[in-house]
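Here the structure comes first, spelled out in structure tokens, and everything after it is commentary.
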Amino acid sequence: MLLENLLPTLPSNQLELLIVTVGAAGAILVIYSQFVEAEHRRDLIRMIGAGGLTVYALSLMNLIFILASFGIFAAAFVEFLEIYLGVHKHTRADMLEYFRSKK
């Protein structure tokens, strides 16, 4: 009885196992994306990770979690498109401050 409360329940079928695996991978990718230097790569990794979290949130049917994970996905997607299309720009002062902080 004691160990049943301490150990989590394992997925009972392959679909649940797949959803939990996608959600866990999504969480890892969202965390990892914070450490990636290149902006376009960061947004792409964050978008894939948030997509995995959205799949997991949809399986839970938790509205707040669905909105949060989809919001992260949408923001990363818009940022990636801006970089890809050349709309995303940094001012010269932003770049100088960035390079000074790297030293």
Side-chain angles (χ1 to χ4, degrees):
M1 194 81 157
L2 177 65
L3 289 179
E4 288 178 5
N5 293 334
L6 292 176
L7 296 175
T9 59
L10 296 175
S12 60
N13 60 23
Q14 288 182 343
L15 180 62
E16 286 181 15
L17 181 63
L18 180 67
I19 290 172
V20 169
T21 304
V22 167
I28 291 169
L29 285 174
V30 167
I31 294 168
Y32 172 70
S33 72
Q34 195 65 30
F35 301 105
V36 176
E37 289 290 327
E39 262 188 290
H40 65 284
R41 289 184 186 159
R42 180 184 318 142
D43 293 326
L44 194 58
I45 292 170
R46 189 171 290 152
M47 195 170 50
I48 294 169
L53 286 176
T54 303
V55 168
Y56 183 70
L58 287 170
S59 74
L60 295 178
M61 294 305 292
N62 185 336
L63 183 61
I64 294 174
F65 190 25
I66 291 169
L67 289 175
S69 59
F70 184 74
I72 293 170
F73 175 83
F77 181 70
V78 167
E79 190 79 14
F80 180 75
L81 279 180
E82 286 179 357
I83 292 169
Y84 184 73
L85 297 175
V87 179
H88 185 80
K89 302 285 184 197
H90 289 285
T91 64
R92 188 174 189 90
D94 290 339
M95 297 307 290
L96 289 174
E97 182 179 333
Y98 174 74
F99 287 123
R100 285 185 190 141
S101 69
K102 293 299 261 183
K103 290 182 182 180

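All residue numbers in this chain count up from 1 along the given sequence.
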Subject >> Identified side chain to side chain contact (heavy atoms under 4.5 Å, CB included) counterpart of L44 within the set F80, F77, Y84 >> reply: F80
Original post:
Take atom CZ in F70; do more than 12 heavy atoms of anything else shown fall under 6.0 Å from it?
Top reply: no
**OP:** Mind checking the OG1-CD spacing from T21 to Q14? Nearest 0.5 Å is all I need.
**Re:** 11.0 Å
Original post:
More than 12 non-hydrogen atoms from neighbouring residues, nucleotides or ligands closer than 6.0 Å to CG on L15, yes or no?
Top reply: yes
Original post:
Same hydrophobic cluster for I45 and I48, using side-chain heavy-atom links shorter than 4.5 Å among ILVMFWY?
Top reply: yes
Subject >> R42 side, atom CZ; E79 side, atom CD - distance, nearest 0.5 Å >> reply: 9.0 Å
Original post:
To the nearest 0.5 Å, how far apart are CG in L18 and OH in Y56?
Top reply: 13.0 Å
Original post:
If you group Ile, Leu, Val, Met, Phe, Trp and Tyr by side-chain heavy-atom gaps below 4.5 Å, do L60 and I19 land in one group?
Top reply: yes
Subject >> Joint hydrophobic cluster, L67 plus F73, side-chain heavy atoms closer than 4.5 Å >> reply: no
Original post:
Is there a side-chain contact between L53 and V30 (heavy atoms, below 4.5 Å)?
Top reply: yes
**OP:** Quick one: pull up CG in L58 and CG in L63 and give me the separation to the nearest 0.5 Å.
**Re:** 10.5 Å
**OP:** Locate the shortest heavy-atom distance separating A50 from S69; write the atom from each residue and the value.
**Re:** CB-O, 3.6 Å
